[in-house]
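Report on the structure given below.
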Amino acid sequence: MSNRRIINRRPGQASAAWLAALPFLLLAGAYLIGSDIRLQANASDKLLPSLRTIGDTIGHLAFEADKRTGDYLFWKDSAASLIRLGVGMASATFIALSVGIAVGLIPYIRSTLSPFITVLSMIPPLAVLPILFIVFGMGELSKIVLIIFGVTPFLMRDTQLWVQSLPAEQLIKAQTLGANTWQVTLRVVLPQTLPRLIDSVRLSLGPAWLFLIAAEAIASTEGLGYRIFLVRRYMSMDVILPYVAWITLLAFVMDFILNRISHKAFPWQNLGGR
Amino acid sequence: MTAITVNNLWKEYADQVVLERVNLSVHNKSFCSIVGASGCGKTTFLRILLGQEIQSRGTVTLNGAPLPMDPSAERGIVFQRYSVFPHLNAVQNVAMGLELKRSPMLGRLFGGARNAALDEARAYLAAVGLDFAADKYPAELSGGMQQRLAIAQALIKKPKVLLLDEPFGALDPGIRTDMHELILRLWDESDMTIFMVTHDLEEGFKLGTRMLVFDKVRVDPDAPGAFGATITYDLALNKKTKGELKDIQNLDLKKKD
Ligand SMILES: Nc1ncnc2c1ncn2[C@@H]1O[C@H](COP(=O)(O)OP(=O)(O)O)[C@@H](O)[C@H]1O
Ligand SMILES: [Mg+2]
């Protein structure tokens with residue numbers, strides 16, 4: 001066995017789990033050692049705070065009301081960010097689904113909108129952020145619009161290409177079964193597009209967080225991104241590091257949940273067909 | 001009674017004539033086998049009958065009326081592949097034709113109406129020998145089973161014309177024989193006119209009451225797209241001629257294919 005080529009050797013289930021855990025353990029170990037060394041040299045070092053310091057800080061933010069405002073900042077920040085992200089992603093998904101299907105399915109709409117959407121998707125979203133602030137003000141709307149603006153073109157084009165790649169035979173077949181355009185959309189195109197859209201939404205979560213944090217960093221009074229950039233002035237790594245970890249966890253959980261939904265709701269996907 | 005009349009039909013794409021001067025008159029309940037060299041326009045002809053493509057010139061009438069310009073429920077189709085919907089299981093695939101008719105807004109039935117449609121669909125599944133696979137998705141079915149499903153799905157609409165484009169071309173020989181028996185039985189029990197494209201001459205002879213051979217009469221070696229194919233042989237097939245013609249035509253056509 002062991003003299004097989006490396007490309008032909010596969011880990012078993014248990015060793016695969018260990019291998020997957022290894023980079024995480026190494027990173028954690030490196031952090032703890034590094035933190036220890038720096039704190040021994042200088043007890044007030046802020047760069048790599050000890051786990052204890054981090055725990056205390058998060059304890060304050062999560063479980064003690066802020067003295068000035070009476071808010072539990074950690075949860076307030078999380079709620080603010082998640083609402084922005086949720087509303088933004090939901091709107092983007094809805095727009096992308098309706099426009100993407102229309103453009104992919106109907107040649108006249110495709111001729112009209114496809115080049116426009118392509119150009120639109122080339123505009124760097126962050127470059128228009130100032131415009132959004134000017135037009136929509138510094139409130140919630142401009143942050144949500146930035147997310148929508150940032151991820152919709154990708155979702156829309158992906159949906160369009162996917163719809164165009166459905167075999168023409170299926171659309172013809174549905175019509176011979178008596179379907180009109182609306183029924184073809186509802187019964188043939190939509191159900192086969194949803195699982196693909198969910199996958200694209202999963203891929204868009206990273207960019208969506210990027211746009212959210214960027215917007216929060218520039219103009220906000222609450223939110224995970226706002227907090228990180230606020231405490232940067234005081235080099236508060238004990239806030240920044242757990243916030244980053246928390247954002248990562250939230251993103252991971254969203255991805256996981258979407259994946260589960262897709263598998264549960266569309267069981268035909270993984271049968272070896274398309 | 002004449003079911004389908006094709007009158008001086010032409011089909012041209014930008015730089016290519018595919019079909020020219022096609023004339024045809026087909027009686028109700030005929031079974032027309034269509035053969036011809038690959039790329040000569042058999043599928044194009046079927047697509048025009050289906051309403052998927054519009055002819056450049058000429059007319060096609062069904063029972064005296066011009067064909068609708070879109071695919072419609074009076075013409076059923078079975079393609080070589082992709083005829084069934086991968087996101088619906090077998091019985092849902094068949095019931096779709098009923099749901100679309102009975103629920104114009106949603107294309108979907110619920111409750112008792114849905115159960116009734118599923119029961120009807122099961123009867124059609126049984127007719128093609130798929131009753132045991134009602135809950136299976138197409139990806140879980142073999143190629144032959146998928147084609148049976150596609151046939152049941154088309155038949156539930158009781159089409160006047162059934163179009164088959166190399167429906168058994170991808171199947172193993174043994175399964176193909178089963179499918180021949182199935183399609184002959186279903187055709188016998190109905191009033192359908194069938195057009196079947198096949199690249200298997202023997203299959204065409206065995207199933208058809210009529211054999212249409214598409215070929216180019218004129219060829220310009222410098223401009224391959226200048227001339228289209230038309231019906232060069234139109235043979236009535238009955239028990240007697242089937243045996244004799246087979247030997248003659250076999251030699252002639254094998255070369256072209
Ligand atoms: N949409 C199209 N645009 C241009 N040419 C086409 C189109 N569809 C078919 N053709 C051409 O028409 C000819 C006949 O095609 P087809 O009917 O599929 O042949 P067959 O089914 O007999 O093999 C081919 O040369 C093909 O390239
Ligand atoms: Mg063909």
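Order of the sequence lines fixes the chain letters, A, B, ..., with proteins taken first and strands second; residue numbering starts at 1 for each chain.
Interface remark: B:Arg81 contributes backbone atoms only to the contact with chain A (heavy atom separation under 4.5 Å). Residue B:Leu88 touches chain A through its side chain alone, counting heavy-atom pairs closer than 4.5 Å. B:Gln153 touches chain A through backbone and side chain together, each having a heavy atom under 4.5 Å away. Within the 4.5 angstrom heavy-atom criterion, no atom of A:Pro195 approaches chain B.
Looking at every heavy atom in both residues, B:Phe85 comes nearest to A:Gln170 through CE2-O, 3.5 Å. Of all non-hydrogen atoms in A:Thr176 and B:Lys157, the two that sit nearest each other are O-CG, 4.0 Å.
For the atom pair A:Asn180 CG and B:Ser72 OG, the distance stands at 13.0 Å (nearest 0.5 Å). B:Met96 contributes atom CE, which lies 6.5 Å from atom CG of A:Leu177 (distance to the nearest 0.5 angstrom).
When atom types are taken as modelled, the side chain of A:Gln183 and the backbone of B:Leu100 share a donor-acceptor pair closer than 3.5 angstrom. A:Lys173 places no side-chain N or O within donor-acceptor distance of the main-chain N or O of B:Tyr82, the cut-off being under 3.5 Å.
Within 6.0 Å of the OH atom in B:Tyr13, the count of heavy atoms belonging to other residues, nucleotides or ligands exceeds 12.
Annotation: side chain of B:His87 is not in contact with side chain of A:Phe266 (no heavy-atom distance under 4.5 Å). Side-chain contact between B:Pro86 and A:Gln192 is present, with heavy atoms from C-beta onward closer than 4.5 Å.
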Report, one line per pair, each donor and acceptor closer than 3.5 Å where one atom sits in a side chain of residues 104-116 of chain B; sequence neighbours left out.
none

For a quick test of your reading: what N or O donor-acceptor pairs under 3.5 Å do the side chains of residues 124-145 of chain B make, sequence neighbours left out?
| unit_1 | atom_1 | unit_2 | atom_2 | d |
| --- | --- | --- | --- | --- |
| B:Tyr124 | OH | B:Lys158 | NZ | 3.0 |
| B:Glu140 | OE1 | B:Tyr137 | N | 2.7 |
| B:Ser142 | OG | B:Met145 | N | 3.3 |

message = Could you walk me through whether B:Phe79 and A:Ile172 satisfy the side-chain contact (heavy atoms from CB on, under 4.5 Å) test, starting with their C-alpha distance in whole Å, then the side-chain angles of each, then the deciding distance to 0.1 Å, before giving a yes or no?
response = CA-CA 10 Å; B:Phe79 298 103; A:Ile172 300 292; 3.9 Å; yes
